[in-house]
Protein chains: 2
Amino acid sequence: MPDATVRRLSAYLRQLEHLAAAGIAQVSSRQLSEYIRVGAAQVRRDLALFGQFGQPGRGYVVVNLIDHLRRILGTQQTWRVVLVGAGQLGHALLRYPGFAGRGFELVAAVDCDHRKAGKRVGGVAIRPLEDLEEIIRHTDARIAILTVPAAAAQDLANRLVEAGIEGILNFATPVLEVPQGVHMAHVDITAHLEQLSFRLVSNNIA
Amino acid sequence: MPDATVRRLSAYLRQLEHLAAAGIAQVSSRQLSEYIRVGAAQVRRDLALFGQFGQPGRGYVVVNLIDHLRRILGTQQTWRVVLVGAGQLGHALLRYPGFAGRGFELVAAVDCDHRKAGKRVGGVAIRPLEDLEEIIRHTDARIAILTVPAAAAQDLANRLVEAGIEGILNFATPVLEVPQGVHMAHVDITAHLEQLSFRLVSNNIA
DNA sequence: GTATGTGAAGTTATTCACAGCG
DNA sequence: CGCTGTGAATAACTTCACATAC
């Protein structure tokens, strides 16, 4: 399934959640496409890849489409997620209220700094790094978020894979090597700023 | 210029910085392609869109290519960046050491909480929200990072655009509307987790 | 021998446009 | 009449393969 399509599904879902909160019951592909930067045909095509969710003449029922998208994305269930690295960014994620209700639950954080162990942040316990494997086994977490310094990232990724983690959201700088079958998502803040920079300088030319 | 290409340029640059730090002087498109998940021809094609940087038979000189990519991405110069929202995530970004040396400098942070004003985090002053426009004028910042609650994001984006900001890196949930000519980048953490979730559930089927 | 840069081929993604349904 | 879902057309991106340069 095209990567770009799956990314857009998330965008649709985000917008639909917003519409639902505003009490809007029906939406057409045209309306939905106006919020996202995408054509109306693209919206219909993306959705049609997974089934027929709309009513000709009426559009889509917002709460139905939300339900379908959650099922498609696999967030109808709740995923238990382990946070590796309880630094500044880790703390911010522990306090982030947007995971609950979208299918993700931080079940524990680990950090190599033993002084942090035992504390609770955002309702989540911080535990020593040594407990990592046991936590994963015990909680059945299949997804991990990695917020550690660049130098430690690859080693910890290896440990996560070894412990059975199947998806890693990496906030560290380096591109990590993981075996086939383990999925990576990478948030590179500098790269995003570089995209903006590029657009600003190429605007001046073209 | 294809969006995907520009994203890959950032990935190449990151890898090249890594190679340079390790003291490696030359690299071929094949070697570079092995780190990133991309074909060797793709690397050559991407680079060739901007000029001829390689030596047939030898590959690319690492430091030269870094220099070229920085010039292309516009990060040879240093961009002054304003941070809007000094919450948990904002604090993490203020302390992030990866901006310096990659062409970005946080010149100030603003927050609507007056108790935070006057403090310094990571060497950057936090100032009251009211000063936003003056800071932008005074520092000539053209890029802003937005780390505020969802409800406030659109209003602040409007203020940023009004004050002359041309690129916004948005960490808030909603997709923001900005006029033509203003560039947006969106970091949606939940969306990344949803990508992982999708890959995990679709693996079980296919 | 090795590796670039690039036409040409191949593949994938997006848009068009319309039949068919509500 | 409005809007979906989709075959057909178009556009965009990627890979192949090789002439050329070191």
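Treat the numbers as computed from the prediction; the structure is a model and nothing was measured. Note on naming: letters A, B, ... go to the chains in the order of the sequence lines (proteins, then strands), and numbering restarts at 1 for each one.
- Contact record, B:Leu146 with B:Ala153: CD2-O, 3.8 Å, taken as the closest heavy-atom pair.
- Taking 3.5 Å as the limit, the base of C:dT15 and the side chain of A:Arg45 contain a donor-acceptor pair of atoms between them.
- Position along DNA chain D of the nearest nucleotide to B:Gly57 versus B:Arg8 favours B:Arg8 as the more 5'-ward residue.
- Distance, A:Asp3 CG to C:dA13 C1': 13 Å, rounded to whole Å.
- In this structure, CE of A:Met1 is placed 13 Å from C1' of C:dA13, rounded to the nearest angstrom.
- Atom pair B:Gln42:CD and C:dT12:P shows a separation of 14 Å (rounding to whole Å applied).
- Here the closest heavy-atom approach between residue B:Ile72 and residue A:Phe198 is recorded as O-CD1, 3.3 Å.
- Spacing between atom CD1 of A:Ile36 and atom P of C:dT14 amounts to 14 Å, rounded to whole angstrom units.
- Regarding contacts with the backbone of C:dA3, every side-chain N or O of B:Gln31 stays at 4.0 angstrom or more from both OP1 and OP2.
- One finds no salt bridge joining A:Asp3 and A:Arg8 here, because no Lys/Arg side-chain nitrogen approaches an Asp/Glu carboxylate oxygen to under 4.0 Å.
- In this structure, the CG atom of B:Leu65 is 11 Å from the P atom of C:dT4, given to the nearest Å.
- Toward the 5′ end of DNA chain C lies the nearest nucleotide of A:Asp46, the other residue of the pair A:Pro56 and A:Asp46 mapping further downstream.
- For the pair A:Gln55 and C:dC21, the criterion of a side-chain N or O lying under 4.0 Å from OP1 or OP2 is not met.
- Under the side chain to side chain contact (heavy atoms under 4.5 Å, CB included) test applied with A:Leu160, the options A:Val84, A:Ile143, A:Val182 reduce to a single match, A:Val84.
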Verify side chain to side chain contact (heavy atoms under 4.5 Å, CB included) between A:Leu69 and A:Thr75, making sure each step is shown before the conclusion. CA-CA 8 Å; A:Leu69 286 176; A:Thr75 56; over 6 Å; no
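- Chain A approaches DNA chain D over the interval D:dG2 to D:dA8, counting the first and last nucleotide 5' to 3' with an atom under 4.0 Å from its heavy atoms.
- At a threshold of 4.0 Å, the pair B:Glu134-B:Arg137 does not count as salt-bridged, since none of the basic side-chain nitrogens sits closer than that to a carboxylate oxygen.
- Protein atom OH of B:Tyr60 is 18 Å distant from nucleotide atom P of C:dT2, rounded to whole Å.
- Within the nucleic acid shown, B:Arg44 comes within 4.0 Å of at least one base atom, counting heavy atoms only.
- Salt-bridge annotation for A:Arg199 and A:Glu194: absent, with no side-chain N of the basic residue lying under 4.0 Å from a carboxylate O of the acidic one.
- A:Arg30 comes within contact range of no nucleotide atom at all, as no heavy-atom separation falls under 4.0 Å.
- Taking 4.0 angstrom as the limit, B:Ser29 places a side-chain polar atom (N or O) nearer than this to OP1 or OP2 of C:dT4.
- When rounded to the nearest whole Å, the span between CG of B:Asn64 and C1' of C:dT4 equals 15 Å.
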